[in-house]
Colleague: 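Dropping a structure here in structure tokens format, bear with me for questions.
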Amino acid sequence: MSDLLGSLNPPQREAVVHGDGPLLVLAGAGSGKTRVLTHRIAHLITDRGVPPWAILAITFTNKAAGEMRSRIIDLVGPAARDLWASTFHSACVRILRREAEAIGLDPRFVIYDADDQLRLMRACMKDEEIDPKRVSPRAVLAQISDAKNRMLDPDGLARVSDGFGDELVVRLYRRYTERLRAANAVDFDDLLVLTVELLEHDASVRERYQQRFRHVLVDEYQDTNQAQYRLVQLLAAPQNNVMAVGDDDQGIYSWRGADVRNILEFERDYPNAAVVALEQNYRSTGTILRAANAVVALNRGRREKTLWTDRGDGERIVVEACRDEHEEARRVVSEIDRALGEGTSLDEIAVFYRTNAQSRSIEDQLVRSRIAYQVIGGPRFYERAEIRDLTAYLRVAANPADLMAFTRMTGAPKRGLGPGCIAKLAAFALEHGMPIGDTPAHAEMVGGLTAAQRGALADTASVIADLAQAAQGALPLGRLVEMAIERSGLKASLMVEGTLEAQGRLDNLDELVNVAAEYDASADEPSLEGFLEEIALQSDADVVEDAAGQATLMTVHNAKGLEFDVVIMTGMEDGVFPHVRSDTPEALEEERRLCYVGMTRARRRLMLTHCETRMLHGGREYRLPSRFLGEIPRDAIARPAGAPSRSARARSQEGRSSAPALAAGDSVVHATFGEGVVTGVEGRGQLVRVRFSNDGTERRLMAGAAPMRKVG
DNA sequence: ATTCAACGCTTTTTT
DNA sequence: AGCGTTGAAT
């Protein structure tokens with residue numbers, strides 16, 4: 001037996017050396033689950049003689065997959081390169097490209113991202129003459145995605161739905177599927193659904209993969225949806241050497257179809273499953289853990305567990321009340337300065353927020369203070385307009401049937417080819433069974449076009465032909481992208497514009513040349529299709545760099561799986577976090593788990609900020625401190641810097657401890673909401689419910705922190 | 001038929 | 001604030 005086990009604690013070791021059969025690892029935050037996963041795979045390879053290519057390891061992001069692979073190569077040597085370590089989506093693409101024909105799919109299919117999907121849905125709604133103002137295309141897409149996550153096709157959805165509006169969704173779902181296939185495209189959900197269908201319906205393909213993958217390991221199992229669950233089940237059968245690692249307290253993707261029941265009911269699905277719980281935390285201080293545990297413990301329907309650490313209590317959590325988002329940003333900067341002064345490096349500092357829009361005020365202040373930072377998420381590189389314009393050319397070159405890409409391409413730069421002209425070409429394409437991308441070359445056969453349009457189309461045809469030809473040949477991808485930038489006319493039109501912004505766009509296009517060249521150098525079998533696919537499957541989390549000397553800003557969702565010495569969670573306000581739209585008990589519990597995820601990212605120091613007022617949705621809104629703040633044990637929280645003096649604080653503490661300041665029935669006056677009546681007291685007297693007479697609303701307030709006093 | 005400018009509306013989280 | 005739609009000008 002190798003020395004893989006030396007550095008592991010007993011439950012970790014148990015998970016690593018577990019024999020055949022299903023295994024569930026309940027891994028609390030910071031309990032070393034990545035270590036367990038990598039060491040188990042290394043153990044399978046070196047001690048049990050399992051060939052690396054017979055192991056499938058599924059992670060949540062491409063970056064995590066890459067890291068896992070390189071760690072395992074470090075542990076067992078280069079033979080481990082044959083390991084399949086990837087996300088669900090990449091694994092499915094890989095399988096589908098090989099086996100597409102078995103389900104009547106062209107193996108050169110392209111992947112439509114959120115933007116393509118939205119455009120396509122708008123087009124479908126036009127087909128069906130549905131007013132996009134009455135029915136939101138996004139909402140329809142969300143329902144379709146929901147259906148796909150539940151493995152329902154249009155007929156299936158029709159069968160299970162009862163509501164009146166569902167008929168509309170079914171109709172659009174049909175149309176959407178038709179148009180996707182016509183464009184030889186699939187969406188994100190299709191990758192999973194089609195792979196499941198493939199494996200379910202084709203026994204020989206299924207058996208081939210089942211025999212190949214002798215071990216299937218899945219990380220973040222609590223965030224799997226039904227299709228992913230089925231996929232794991234199909235691939236792992238019949239031996240069921242499946243290891244699921246996860247933490248029900250960290251399930252934060254139910255809105256994307258994830259079903260926490262998958263982890264809660266693992267033992268029912270795999271009756272002979274071994275279960276190992278990892279509860280020792282190696283990341284955070286005792287105080288941070290105690291606070292995070294206290295918050296998440298209020299959830300029902302979770303597996304009871306308590307993380308512990310032997311690292312000692314550490315510092316208390318800092319809660320800062322701010323007037324508005326500008327003051328909040330200044331507090332963030334002073335906390336960063338303070339941490340830097342203590343010797344913490346910038347890349348060990350992270351700022352979290354609930355929604356991407358909140359980053360703006362913080363970024364402003366960081367720029368002003370000359371603090372280097374990177375923002376994860378938000379507008380992504382590959383989603384920038386100019387990048388999408390350019391990739392549209394590449395996409396049409398790779399797949400002339402891609403109508404969305406063709407439409408985008410012909411409109412950028414503007415050259416007199418508008419919707420009317422595209423519609424004529426599309427009709428012609430349909431009539432002659434020709435891919436839309438081939439129509440410009442036959443424009444002379446299309447009627448009703450102006451001379452200017454024919455000229456523009458001739459030009460377009462030659463661009464498409466040249467790019468397609470270059471893509472077929474041995475031209476390096478970097479050169480191909482350069483060629484597209486020139487020939488598309490995007491470069492010329494941006495140069496003419498001449499603004500600083502246009503220059504920035506040109507720089508982005510140049511950056512894409514670099515990305516392409518890099519891909520060319522690193523990929524096993526570089527191809528235009530492969531490059532476009534990599535772009536499509538890229539996630540925000542994949543671009544998190546440990547680049548020295550930068551603080552990191554991101555949403556709490558993006559923070560999953562990461563850790564930092566110092567974490568600042570901003571916008572801890574009711575309506576922001578928890579989010580307003582999380583108004584059901586289940587949704588609130590998910591927000592609470594999200595809060596737990598955020599808090600447990602911190603190793604040493606955790607600061608939480610909230611504002612009295614902030615700009616939201618184009619107006620200034622007043623917000624109460626997040627209820628989650630009230631759920632943190634009081635003695636885990638430090639007296640905020642810049643808060644009332646020691647003596648003032650002492651007085652208020654006395655007032656609070658000697659007698660509960662407020663009880664149901666008391667009249668109060670609040671600085672913002674005016675007069676009201678206390679209707680109830682919660683959370684050991686820390687929270688009071690008050691009905692305000694001004695607007696008749698009932699609000700939950702922090703008894704100590706809210707600008708409110710008793711009257712009469 | 002295309003394009004540009006003004007207006008009015010909505011806003012989570014994302015592989 | 002940003003987007004998509006609408007209306008007017010070309």
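Throughout, a chain's letter reflects where its sequence line sits, starting with A, and its residues are numbered from 1.
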Colleague: Could you tell me whether A/Trp255 and A/His557 have their ring centroids closer than 6.0 angstrom?
Modeller: yes
Colleague: From the options C/dA1, B/dT13, B/dT12, select the nucleotide whose nearest atom is closest to the side chain of A/Thr555.
Modeller: B/dT13
Colleague: Starting from P on B/dT14, measure out to CD1 on A/Ile376 and report it in whole angstrom.
Modeller: 11 Å
Colleague: May A/Phe88 be described as stacking on the base of B/dT15, applying a 5.5 Å centroid limit and a 30° limit on plane angle?
Modeller: no
Colleague: Under 4.0 Å between a side-chain nitrogen and a carboxylate oxygen: does that hold for A/Arg302 and A/Glu589?
Modeller: no
Colleague: Could you state the atom-to-atom distance from CZ of A/Arg623 to C1' of B/dT11 in whole Å?
Modeller: 12 Å
Colleague: Output one letter per nucleotide in nucleotides 5-10 of chain C: B when a protein non-hydrogen atom lies under 4.0 Å from the base, S when only the sugar-phosphate is that close, - when neither is.
Modeller: SS----
Colleague: Quick one: A/Leu457 CG to B/dA1 P, roughly how many Å, whole number?
Modeller: 14 Å
Colleague: Check whether any side-chain nitrogen or oxygen of A/Asn356 sits under 4.0 Å from OP1 or OP2 of B/dT13, and answer yes or no.
Modeller: yes
Colleague: Among A/Asp190, A/Asp189, A/Asn225, which one satisfies side-chain hydrogen bond (donor to acceptor under 3.5 Å, both in side chains) with A/Lys148?
Modeller: A/Asp190
Colleague: Can A/Trp255 be classed as stacking with the base of B/dT12, given a centroid separation cut-off of 5.5 Å and a plane angle cut-off of 30°?
Modeller: no
Colleague: Could you check which of B/dT13, B/dT12, B/dT15 has an atom nearest any side-chain atom of A/His557?
Modeller: B/dT13
Colleague: So, OP1 or OP2 of B/dT10: does either fall under 4.0 Å of a side-chain N or O from A/Ser136?
Modeller: no
Colleague: Can you say whether the rings of A/Phe188 and A/His89 are parallel (under 30°), tilted (30 to 60°) or perpendicular (over 60°)?
Modeller: perpendicular
Colleague: Kindly say if A/Asn558 contacts the phosphate of B/dT14, meaning a side-chain N or O under 4.0 Å from OP1 or OP2.
Modeller: yes
Colleague: Check this for me: does any side-chain nitrogen of one of A/Glu220 and A/Lys33 sit under 4.0 Å from a carboxylate oxygen of the other?
Modeller: yes
Colleague: Checking A/Glu328 against A/Thr570: is there a side-chain donor and acceptor pair closer than 3.5 Å?
Modeller: no
Colleague: Mind calculating the distance between CG (A/Leu537) and C1' (B/dT14) to the nearest angstrom?
Modeller: 13 Å
Colleague: Between A/Asp187 and A/Tyr176, is there a side-chain donor-acceptor contact under 3.5 Å, judged purely by atom types and distance?
Modeller: yes
Colleague: Using a cutoff of under 3.5 Å, can you pull out all pairs of nitrogen or oxygen atoms linking the protein to nucleotides 2-4 of chain B, with atom names and distances?
Modeller:
from	atom 1	to	atom 2	distance (Å)
B/dT2	OP1	A/Gly418	N	2.8
B/dT2	OP1	A/Cys421	N	3.4
B/dT2	OP1	A/Gln453	NE2	3.0
B/dT2	OP2	A/Gly420	N	2.9
B/dT3	OP1	A/Gly416	N	2.8

Colleague: Rounding to a whole Å, what distance do you find between A/Leu191:CG and B/dT14:P?
Modeller: 19 Å
Colleague: Counting only side-chain heavy atoms from C-beta out, which of B/dT13, B/dT15, B/dA1 sits nearest to A/Lys424?
Modeller: B/dA1
Colleague: Is the Lys NZ or Arg CZ of A/Arg97 less than 6.0 Å from the centre of A/Phe109's six-membered ring, within 45° of the axis?
Modeller: yes
Colleague: Reading DNA chain B from 5' onward, which residue's closest nucleotide shows up sooner: A/His89 or A/Arg354?
Modeller: A/Arg354
Colleague: Rounded to whole angstroms, how far apart are CG on A/Leu118 and P on B/dT11?
Modeller: 11 Å
Colleague: Quickly work out the A/Lys63 NZ to B/dT15 C1' distance and round it to whole Å.
Modeller: 16 Å
Colleague: Measure the distance from CG on A/Leu231 to C1' on B/dT15 and round it to the nearest whole Å.
Modeller: 14 Å
Colleague: Salt-bridge test for A/Glu325 and A/Arg360: reply yes if a basic N is under 4.0 Å from a carboxylate O, no otherwise.
Modeller: no
Colleague: Using the ring centroid of each side chain, check whether A/Tyr253 and A/Phe60 are separated by less than 6.0 Å.
Modeller: yes
